[in-house]
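Accompanying notes for the structure given below.
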Amino acid sequence: MLQFRRSLLRAALSVAGLLANALALTPTAFAQDGTIYPLDAIPEPNAIKLNTGGVKDQPAKEGWFRQWGEPMVHNVSTATLTPFLPEPGKATGAAVLVAPGGGFRWLSINNEGWKVAKALADRGVAAFVLKYRLFPTPDNIPGLTASMNNMFASVGAGTPASAPPARPPAFSLDNQLQDAEAAYALIVARAKEWGVDTSRIGMIGFSAGAGLTMHSTLNSKTMKLAFIGPIYGGMGPVNVPKDAPPMFTAIATDDFLFKGEFGVVKSWFEAGRPVEFHLYQNGGHGFGLGYPGRTANGWFPVFMHWLDVNGWLKPAVAAK
């Protein structure tokens, strides 16, 4: 029966993989100019509800849109976790919790979620996309566009590279941390079923997802992450715990979050914790796995090499 359940799960997950591929490869009739276009909700048959609650003062239901040719989701009030498991015989036992970005107001669910998870699973790493709760945004396109513009302005997008890094107002990430902790707990609880070695669970995030990865690393009392990968997140200094996990981080020089700041890397280094940092000539912000013609599109193979060299892709030897 267990084998049947595993086969059924993998078959279902292959549908999610095909969906991610279709979204990545199908030509779009929409101009990829940053304009926001309405989009019907994309089915998520393998999403598992995390039962962490809702969002206070959320007047709108979950909505979807397309921007830069990619599907996005906003007004998420119910957190979910979607597994992408390696094919039988390919699994290494390593696992990664994947947190897409979007300023905590929307999620680039395909570009920084499903695509990344599928790429990991193709290389033997069990991946789990976290669709975490978001701050409310208007449920109409003009309002959403204005909200986006205001958010980007608050973090310094469009300012000269020589300008000091913006320090946006602090806000609570209690909901998002609860979602991440619930996702981690679910992976641990179903580790045997999903073929996961609980000593080799890491977390990777993009933009706001990188912020959530860092926030979880610095504040969670329940997550024991083996490694982290904040990709094009905030670069400011942080207080690093003495047992902080090894960190891989990457950003491009033309990303508005960079502005010549290396604080988080220096913090890890000065704390004596393992850190690998890649600064790319170009790539902008939100490049996901990478776009053609940009140097930043080389980060993912390097990340996999980092995982391999550090031993996270090598199954632990069973005790005799």
* **Inter- and intrachain pairs under salt bridge (charged side-chain N to carboxylate O under 4.0 Å, His left out), touching residues 292-303, at least two apart** =>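 Matches after skipping sequence neighbours: none remain.
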Atom pairs and distances, donor-acceptor, side-chain atoms in residues 132-143, under 3.5 Å, two or more places apart:
residue	atom	partner	partner atom	Å
Tyr132	OH	Pro100	O	2.6
Arg133	NE	Asp179	OD1	3.0
Arg133	NE	Asp179	OD2	3.2
Arg133	NH1	Thr52	O	3.2
Arg133	NH1	Gly54	O	2.8
Arg133	NH2	Thr52	O	3.4
Arg133	NH2	Asn175	O	3.1
Arg133	NH2	Gln178	OE1	3.2
Arg133	NH2	Asp179	OD1	3.0
Thr137	OG1	His74	ND1	2.8
Thr137	OG1	Asn75	OD1	3.2
Asn140	OD1	Gly143	N	2.7

* List for me each residue that meets side-chain hydrogen bond (donor to acceptor under 3.5 Å, both in side chains) alongside Asp122, sequence neighbours excluded, and say none if there are none. =>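 Here the qualifying residues are Lys118.
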* Report the residues that fulfil side-chain hydrogen bond (donor to acceptor under 3.5 Å, both in side chains) with Asp174, sequence neighbours left out, ordered by chain and then residue number. =>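 Scan of Asp174 (side-chain hydrogen bond (donor to acceptor under 3.5 Å, both in side chains), adjacent residues dropped) gives Ser172.
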Could you pull out all residues at least two apart from [X] that satisfy ring pair (Phe, Tyr, Trp, His ring centres under 6.0 Å)?
| X | result |
| --- | --- |
| Phe128 | Trp194 |
| Phe262 | Phe258, Phe277 |
| His285 | Tyr232, Phe256 |

* **Within 6.0 Å of NZ in Lys49, more than 12 heavy atoms from elsewhere** =>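 Atom NZ in Lys49 is not crowded, with 12 or fewer foreign heavy atoms closer than 6.0 Å.
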Among all residues two or more places apart in sequence or in another chain, which pass the side-chain contact (heavy atoms from CB on, under 4.5 Å) test with [X]?
| X | result |
| --- | --- |
| Lys266 | Glu270 |
| Asp308 | Leu313, Lys314 |
| Val302 | Phe248, Glu276, His278, Tyr280 |
| Pro241 | Leu218, Asp243, Ala244 |

* Asked: Just by distance, do the side chain of Asn297 and the backbone of Tyr291 share a donor-acceptor pair under 3.5 Å?
  ->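 At least one qualifying donor-acceptor pair exists.
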* Where the side chain of Gln67 meets the backbone of Gly34, is there a donor-acceptor pair that is under 3.5 Å apart? ->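 The answer is yes, because a donor-acceptor pair under 3.5 Å joins these two groups.
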* With a 3.5 Å cut-off and no angle check, do the side chains of Glu181 and Ser220 form a donor-acceptor pair? ->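 Yes - a donor-acceptor pair under 3.5 Å links their side chains.
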* Sorted by first residue and then second, give each ring-ring contact (aromatic ring centres under 6.0 Å, His included) pair with at least one member in residues 211-231; sequence neighbours left out. =>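 Of all non-adjacent pairs touching residues 211-231, those that pass ring-ring contact (aromatic ring centres under 6.0 Å, His included) are Phe227-Trp312.
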